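What follows is one structure encoded as structure tokens, with my remarks underneath.
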Amino acid sequence: MPRQIDVSSHYSEKLVKLIPTEIIGAYIAIEGMVRSNGDVYMQVMVAASIVLLLLVPLYLTIIFRVNNKAQIVVTMLSFLVWIFSMGGPFATQLWYLPVYGSVVLVLWTLIVPLFNYELDQQGD
Amino acid sequence: MKRTISASLALLAMVSLSSFAATPTTVGLFYRSASGNVALVPNVTRRENVLSAPQFLQLGESGAHQLRKQDKYWFVVNHRVSGPTEISYLGVEIIKIMNIPLGSPLYLIRNKNWTRSNDPDFDGSKADSRTFTGITQTDFYELHERESQLSNFDAALEGFKWHARPNGASEDSWSRRSLWLPTFDVLSEDFHSRFDPPIEQNANLLLDARLLRFSTTNKLNTENPVVFDVTGANTEAVYIKIFSPDAPEFDRVYFLTFH
């Protein structure tokens with residue numbers, strides 16, 4: 001079940017498509033469990049985010065048989081951007097504002113297709 | 001005591017009349033909101049974790065709130081100002097309506113970094129607190145109304161030196177002791193008739209009065225947050241009055257009930 005980038009997809013859909021749903025599902029589940037314990041929220045979510053980030057390339061290469069390194073890197077960055085847009089551990093920082101997450105998400109969805117274009121050109 | 005009970009029960013009725021929802025926000029948004037704003041930090045039990053909580057519930061300027069029952073509630077006051085910084089203090093008057101008999105109706109706390117000008121024996125470098133079994137809330141208020149000498153006030157508090165001057169501030173809390181007069185009378189006439197008598201008979205009131213030295217800041221930092229806690233165990237309702245002798249934007253009154 002290859003999960004290569006489809007350049008015809010809408011920008012925002014590409015971002016979601018890039019990130020394995022299993023990773024997103026795990027993040028949401030962990031966040032939901034830890035949210036009710038503010039004493040450990042930040043530590044657990046930072047740790048969980050790092051572990052899930054490291055699982056992204058493993059999932060892509062082993063489960064989804066993606067071997068394009070650029071796409072793997074873009075996917076990992078997309079996961080970070082997605083966490084940032086959701087708030088997560090970033091929302092516990094004084095400098096963080098939710099609007100930052102929204103702006104970064106919009107900008108990243110504009111940037112991702114450029115990677116896709118290059119990947120597409122490389123594939124030709 | 002009767003005056004305090006009737007008035008406090010009046011606040012319970014007021015709570016039942018209307019209750020406002022707190023606004024979920026983040027630490028970053030909270031400290032960019034108006035000075036003096038107060039937020040409840042849910043699901044946190046330790047002081048050091050308050051500012052790393054995933055959510056703040058910003059309370060309105062004043063009003064009634066119904067909260068989910070917890071063992072401890074942490075509140076944060078936004079001490080960020082746009083102008084120059086200054087050292088002052090907050091008075092926090094917490095009246096808890098408990099569902100158990102109380103042996104100690106009065107609890108006084110003062111945080112660290114206080115001083116007294118003409119009292120070399122006074123050590124305010126550390127936080128200090130005292131529980132009183134023989135002094136009622138009414139005594140506490142009447143002492144503020146009656147005494148003109150701080151030494152007499154200290155003696156009435158069994159030698160506990162509560163009033164002092166925040167280190168770095170020019171005015172002491174004793175000179176503004178009129179701020180510690182009871183404020184419930186304003187409410188009691190309007191709401192007393194709404195009470196169920198059995199509640200009044202069983203009311204157990206705890207007055208928890210605090211002097212919290214703090215420094216305002218015009219930077220976005222968390223070095224010295226203004227934080228205080230309220231325990232929720234065996235508590236049916238809480239009245240919280242926050243005031244500053246210098247800045248009216250810090251003045252707040254909250255009525256909290258739990259479910």
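Proteins come first, then strands; the chains are lettered A, B, ... in the order of their sequence lines, and each starts at number 1. Just so it is clear, the values below take in all heavy atoms, side chains as well, and ignore hydrogens, waters and symmetry mates. Here the structure is a predicted model, which means the values were calculated and not measured.
Each of A:T92, A:V40, A:V34 has some count of heavy-atom pairs under 4.5 Å with chain B, and the biggest count is that of A:T92.
For the residue pair A:Y100 and B:R32, the shortest heavy atom distance occurs at OH-NH2, 4.3 Å. What you find for B:V44 and A:D39 is that their closest heavy atoms are CG1-OD1, 3.5 Å. Heavy-atom minimum distance, A:P98 versus B:T26: CD-OG1, 4.4 Å. Of all heavy-atom pairs between A:G38 and B:P54, the closest is CA-CD, 4.1 Å.
Here the side chains of B:N43 and A:N37 are not in contact, with every heavy-atom distance at 4.5 Å or above.
The neighbour count for A:Q43 CD, taken as heavy atoms of other residues, nucleotides or ligands under 6.0 Å away, is above 12. Other residues, nucleotides and ligands place no more than 12 heavy atoms under 6.0 Å from the NZ atom of B:K112.
Remark: A:Q93 CD to B:L220 CG distance equals 11.0 Å, nearest 0.5 Å.
Heavy-atom distances place the side chain of A:Y41, and not its backbone, under 4.5 Å from chain B. Residue A:L94 touches chain B through both its backbone and its side chain, counting heavy-atom pairs closer than 4.5 Å.
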